[in-house]
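Data first, discussion second: the structure below is written as C-alpha cells.
Keep in mind that what you see is a predicted model, and the values were worked out from it rather than measured.
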Amino acid sequence: MIRGLFETHINVSDYKISAEFYERVLDLIPLHEDPARRSKFYWVGRPGEAMFGIREHYPSPLVQRQHFAFRVALEDLEKARTRLEDRGVETTNFFGEKDAPLSVFPFMPAVSLYFDDPDGHSVELLAMLGDAPRPELAILPWPEWERICGRG
C-alpha cells in the first residue's frame, strides 16, 4: 500500500526565521503560509510528490532537535555543499567533521552531508549511489568507497 513518504513537519521556535532559512539556503518553493497557525508549507520535488512543513511551537513550545533528509542527485551533492558554505551554512560529514570527505553508508549505499537549521535540527542532503549494497562495511569516507568500488 505505501508508496513513499509524503509529508514531514518540524517544530520551530520562529516560523518566519525558519522559512527565510529554508527558502534562502535550500531554495524551497513555498506552497502555503498560515499565519494564524504560524506555519508554512513547501513542495519538495515536483508538486504533489512530497511536502515539508514548519510549525512554530507545535505540538509543544519545547523545540527538540529532529533529523530528516532531502534526496539530491549524486552530481549535485558537492555543488550543494559549496552553495551551502557560500550562504554561510557550515556542513559536515556523518561524524561532524567539517573539513573531511563526506560519508558513505554502505548498507544502502548512499553518500550525504549534514548541516543544522536555526533551531539546531539536523538536516541531511543524501544521494543514493548506483553500487551494490555492502552492509558488512562500516560508514566510511566517500573516497575510500570509490577505491573499494574500483573507481579511485
Residues in side chain to side chain donor-acceptor pair (under 3.5 Å) contact with [X], at least two apart in sequence or another chain:
X	result
Glu49	Arg46
Glu7	His9
Asp117	Tyr22
Arg24	Glu20

What pairs with [X] under salt bridge (charged side-chain N to carboxylate O under 4.0 Å, His left out), at least two apart in sequence or on another chain?
X	answer
Glu23	Lys40
Glu144	none
Arg81	none

Within this structure, what is the [atom1]-[atom2] distance for the pair [X] and [Y], rounded to the nearest 0.5 Å?
X	Y	atom1	atom2	value
Thr8	Phe52	OG1	CZ	8.0 Å
Glu56	Ser39	CD	OG	9.5 Å
His121	Ile10	NE2	CD1	4.0 Å
Glu90	Leu113	CD	CG	12.0 Å

Could you state whether Phe41 and Tyr58 fall into the same hydrophobic cluster, counting links through intermediate Ile, Leu, Val, Met, Phe, Trp or Tyr residues with side-chain heavy atoms under 4.5 angstrom apart?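 Looking at the clustering, Tyr58 is in a separate group from Phe41.
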Count I, L, V, M, F, W, Y as connected when their side-chain heavy atoms are under 4.5 Å apart, and connections chain through other members. Are Met51 and Leu125 then in the same cluster?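 Met51 does not cluster with Leu125.
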Least distance between heavy atoms, [X] atom then [Y] atom:
X	Y	answer
Pro106	Ala138	CG-O, 3.2 Å
Asp116	Ser122	OD1-CA, 3.9 Å
Ile54	Ala19	CD1-N, 3.5 Å
Glu124	Ser112	OE2-OG, 2.8 Å
Ala127	Leu77	CB-CD2, 4.4 Å
Val63	Val12	CG2-C, 3.7 Å

Has Tyr42 got more than 12 heavy atoms of other residues, nucleotides or ligands less than 6.0 Å from its OH?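 Yes, the 6.0 Å shell around OH holds more than 12 heavy atoms from other groups.
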Any donor-acceptor pair under 3.5 Å linking the side chain of [X] with the backbone of [Y]?
X	Y	result
Asn11	Leu62	yes
Asn93	Ala100	no
Arg151	Glu146	no

Kindly state each residue pair satisfying salt bridge (charged side-chain N to carboxylate O under 4.0 Å, His left out) with at least one member in residues 67-77, sequence neighbours excluded.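 Residue pairs passing salt bridge (charged side-chain N to carboxylate O under 4.0 Å, His left out), neighbours aside: Asp76-Lys79.
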Does a side-chain heavy-atom distance below 4.5 Å link [X] with [Y]?
X	Y	answer
Glu78	Leu102	yes
Ile148	Asp131	no
Thr91	Glu85	yes

Starting from Leu126 and following side-chain heavy-atom contacts under 4.5 Å between hydrophobic residues (I, L, V, M, F, W, Y), which residues can be reached?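 The other cluster members (ILVMFWY side chains, heavy atoms under 4.5 Å, direct or chained) are Phe94, Phe95, Phe105, Phe107, Met108, Tyr114, Met128, Ile139.
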Got a sec, which residues hit ring-ring contact (aromatic ring centres under 6.0 Å, His included) with Phe6, two or more places apart in sequence or on another chain?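 Here no residue qualifies.
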Got a list of side-chain donor-acceptor pairs under 3.5 Å for residues 25-37, not counting sequence neighbours?
{"from": "Asp27", "atom 1": "OD1", "to": "Arg87", "atom 2": "NH1", "distance (Å)": "3.3"}
{"from": "Asp27", "atom 1": "OD2", "to": "Arg83", "atom 2": "NH2", "distance (Å)": "2.4"}
{"from": "Glu33", "atom 1": "OE2", "to": "Tyr15", "atom 2": "OH", "distance (Å)": "2.8"}
{"from": "Asp34", "atom 1": "OD1", "to": "Ala36", "atom 2": "N", "distance (Å)": "3.3"}
{"from": "Asp34", "atom 1": "OD1", "to": "Arg37", "atom 2": "N", "distance (Å)": "3.2"}
{"from": "Asp34", "atom 1": "OD2", "to": "Arg37", "atom 2": "NE", "distance (Å)": "3.2"}

Evaluate the side-chain contact (heavy atoms from CB on, under 4.5 Å) criterion for residues Thr92 and Phe115: first the C-alpha distance (whole Å), next the side-chain angles of each, then the deciding distance (0.1 Å), finally the verdict. CA-CA 6 Å; Thr92 68; Phe115 60 95; over 6 Å; no
Qualifying ring-ring contact (aromatic ring centres under 6.0 Å, His included) pairs, either residue in residues 123-152, two or more places apart: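 Of all non-adjacent pairs touching residues 123-152, none passes ring-ring contact (aromatic ring centres under 6.0 Å, His included).
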